[in-house]
Amino acid sequence: MSKAKSSRDRRIAPPGVTRVTRSSINPPDSQRSKPTDSGLVDDLSLMSVSEQQASLARKGKSYQSSSPSAKAVLSSLSGSSVPRGALDTIGRLMKLGRVRNIVVVAGAGISTASGIPDFRTPGTGLYANLAKYDIPYPEAIFNIDYFSDNPHPFFSLAKELFPGHHRPNYVHYFIRMLHQKGLLLRMYTQNIDGLEKLCGIPDDKLVEAHGSFATAACHLCYTPYPAEEAKQAIMNGNIPICTFCAGAVKPNVVFFGEDLPEKYFQHAEDFPKADLLMIMGTSLKIEPFASLVNTVKSTVPRLLLNRDPVGPFERRPLRRADYMELGDLSNSVRKLAEILGWHTEIQDLMNSHENGLCSFTDPSNSSGENSDSSETDSMH
């Protein structure tokens, strides 16, 4: 397998990050010149006006708009002069049918409600709890050069990281509901926990940008290795060895310095098509993944659902079409689901799917069949 890619196609640690041109592809001229939906322009005008209203309100001033279209939009809101929040505005766009191709960008924050720590939260994040592995710096445990010299720390940690101990949460099922409603163009995830697939998001709608534990290969010659055999060796405290070159075998999780999977480069087609970008639970620190959020068209709404502002959302003023809802991610997603009228449907989906997963893994299920195996297709 050829691995002759340039360094710009590789996962890069936060210190000294570089912007990669391959993930900053501009849409074709034909797409850039396509007329914008007039209703969407009005809604984006509303976003801008609402932001100005909120800013002036904090200064004790009133807002007077000289824009007829903005006034018209505001006057259409049942006579209310209260600025719409991010979730209300995005929810309204979705309910009006003006959003049909949603791209979701997600990080470790979407899995914390499942009991999986994120990487960078002080005190509780994974990187803050690696002292027992005696590594020179936290990111070394996922550095391919360090792994080549000393694979033991990663394999010790991998016992805790292998999928199977955690279940998808409300956020995962919200994203699956986007798919079932025909709105999900693609989900790009940095996560390696496999919870997106476990909740039923189809493989063709999912890009695992940093790989997964589903397959394994030699880290030197890239010869494939049976994933289950690699897992058993690691769980037993052994290092799986390549039968071809005697190099250490590891799950196909992308380390710093390694090439990104080919599927990642679908972004060059997906992001120019997006009419809404949802960014969830990520620090946007790792390149080139972090730069993806800058590759949608400038008129496309970007909604950040996160604990803190990150990436382009740290700048002030925000871009006209940028909105964010900060705080607990599960609560924010639940609020958006309630605005859309999806909350009960998502709860029912969670209950039925999780019961199916439990039946599949329950030894008392003598049939040995997965009672949930056809659910994804039957609910479309």
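Nothing fancy with the numbering, it's 1 onward along the sequence. Values below: all heavy atoms of this structure, side chains included; hydrogens, waters and symmetry mates excluded.
K197 meets the salt bridge (charged side-chain N to carboxylate O under 4.0 Å, His left out) test with D203, E208; sequence neighbours excluded. Partners of Y170 by ring pair (Phe, Tyr, Trp, His ring centres under 6.0 Å), not counting sequence neighbours, listed by chain and number: H343.
You'll find the side chain of K231 stays beyond 4.5 Å of the side chain of F213, heavy atoms only. Considering only heavy atoms from C-beta on, I175 comes within 4.5 Å of M280 through its side chain. With a 4.5 Å cut-off on side-chain heavy atoms, F174 and L336 count as touching. Put simply, the side chain of L329 reaches to within 4.5 Å of the side chain of V171, judged on heavy atoms. Using a 4.5 Å heavy-atom cutoff, the side chains of M187 and V207 are not in contact. R319 is not listed as a side-chain neighbour of T299, based on a closest heavy-atom distance of 4.5 Å or more.
Heavy-atom contacts from other residues, nucleotides or ligands closer than 6.0 Å to NE2 of H165 number more than 12.
Centroid-to-centroid, the aromatic rings of F142 and F256 stay 6.0 Å apart or farther. Residues F154 and F255 place their aromatic rings such that the two centres sit under 6.0 Å apart. Aromatic pair F289/Y188: ring centres not closer than 6.0 Å. Aromatic ring centres of Y225 and F244 lie farther apart than the 6.0 Å criterion allows.
One side chain, Y173 or E354, offers a donor N or O that lies under 3.5 Å from an acceptor on the other. Checked by atom type, the side-chain pair S148/H219 shows a donor-acceptor distance below 3.5 Å.
Annotation: cation-pi geometry satisfied between R302 and F313 (NZ/CZ under 6.0 angstrom from ring centroid, within 45° of ring axis).
A salt bridge links K181 to E345: one of the charged nitrogens lies within less than 4.0 Å of a carboxylate oxygen. Between E196 and K205 there is no salt bridge, since no side-chain nitrogen of the basic residue lies less than 4.0 Å from a carboxylate oxygen of the acidic one.
Across H172, R167, R176, a single residue satisfies side chain to side chain donor-acceptor pair (under 3.5 Å) together with H353, and that is R176.
N169 places a side-chain N or O within donor-acceptor distance of the main-chain N or O of I110, the cut-off being under 3.5 Å.
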